[in-house]
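Values in this document were obtained by computation on a predicted structure and should not be read as measured data. Side chains are part of it too, since the values below use all heavy atoms of this structure and drop only hydrogens, waters and symmetry mates. As the structure lists them, so they are numbered: ligands from 1, and atoms in each ligand from 1.
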Amino acid sequence: MPVYKAEAIVLHQRALGESDRIVTLFTRENGKLRAVAKGVRRPTSRLGGRIEPFTHARLMLARGRTLDVIAQAEIVRAFGGVRKDLFRAAYAAYIVELVDRGLAERDRHEDVFLLAGDALEKLDRGRAEDAEIVTLWFGLRLAGLLGYQPETSACVECGRRLPRARGVAEHWAFSPPNGGALCPSCRPHDAQAMSVSCGVLGACEYLTTAPDGQWGRLRITPAQRAELGRLVQVHLEHRLEVRLRAPQVIKRLAEAPPA
Ligand SMILES: [Zn+2]
């Protein structure tokens with residue numbers, strides 16, 4: 001069997017037969033692909049701990065007739081901080097779900113690979129309270145790389161610029177079908193428009209366009225962050241034509257009484 005090397009982020013895995021797993025990988029070289037990890041559920045397997053979800057690994061794969069087989073794995077970044085914390089893990093699951101749903105198999109996207117690794121790194125090393133904003137930043141940047149960046153600097157219907165002053169009380173909205181903002185005059189013509197404050201549309205614009213590394217300067221209230229989270233989720237669900245699972249898990253976690 002011919003073998004090849006790949007650098008990958010592990011998206012998820014599921015059991016196969018007695019002791020194997022099917023692992024969904026997002027590789028730098030070949031995009032998303034599924035591969036078999038043989039014998040990994042045996043306690044003696046050396047491979048098992050190296051292909052956990054979210055792990056960034058260097059792999060050796062053997063071409064198979066249907067699915068390729070993971071022959072060797074070496075961890076590049078384990079992202080242990082993500083795995084140890086329930087909330088960080090839930091946001092990491094959001095990131096990998098977006099990659100999984102957003103890309104077709106064998107569709108090479110090195111820019112998305114680098115972005116996903118960067119976002120997981122920020123989740124792993126950053127402050128726990130920034131986990132949500134890191135994930136929303138990732139979702140917006142991913143949308144841009146896949147060609148459906150939301151337009152939130154101006155009304156998508158008439159082109160009117162979003163007011164820049166803080167605390168403007170105008171009733172703007174976001175249109176999922178149009179993928180952008182609607183001004184108070186245009187919003188009544190869109191039955192699916194959802195109300196969004198000007199501050200949140202501005203925050204969305206900032207996260208989408210701010211130079212990398214400066215997104216952390218964004219100052220928004222918890223209520224605005226929740227509103228931004230809904231906007232990003234609705235936009236991505238509309239574009240990807242899916243219902244995302246991870247945001248629902250995060251919502252349930254946030255609502256659960258502290259242990
Ligand atoms: Zn308008």
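Between the side chains of Asn30 and Tyr4, no donor N or O sits under 3.5 Å from an acceptor N or O. Side-chain contact annotation: Thr27 with Arg108, donor-acceptor N/O pair under 3.5 Å absent. Between the side chains of Glu7 and His56, at least one donor N or O sits under 3.5 Å from an acceptor N or O. Judged purely by distance below 3.5 Å, without hydrogens or angles, the side chains of Thr55 and Arg83 pair a donor atom with an acceptor atom.
Protein contacts to the Zn ion (ligand 1) involving N, O or S atoms at a distance below 2.8 Å are Cys155 SG, Cys158 SG, Cys183 SG, Cys186 SG.
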Check the pair Glu157 / Leu182 against side-chain contact (heavy atoms from CB on, under 4.5 Å), numbers first and verdict last.
CA-CA 7 Å; Glu157 284 295 335; Leu182 290 174; 3.5 Å; yes
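When each of Leu25, Leu11, Ile9 is paired with Lys32, the side-chain contact (heavy atoms from CB on, under 4.5 Å) condition holds for Leu11 and for no other.
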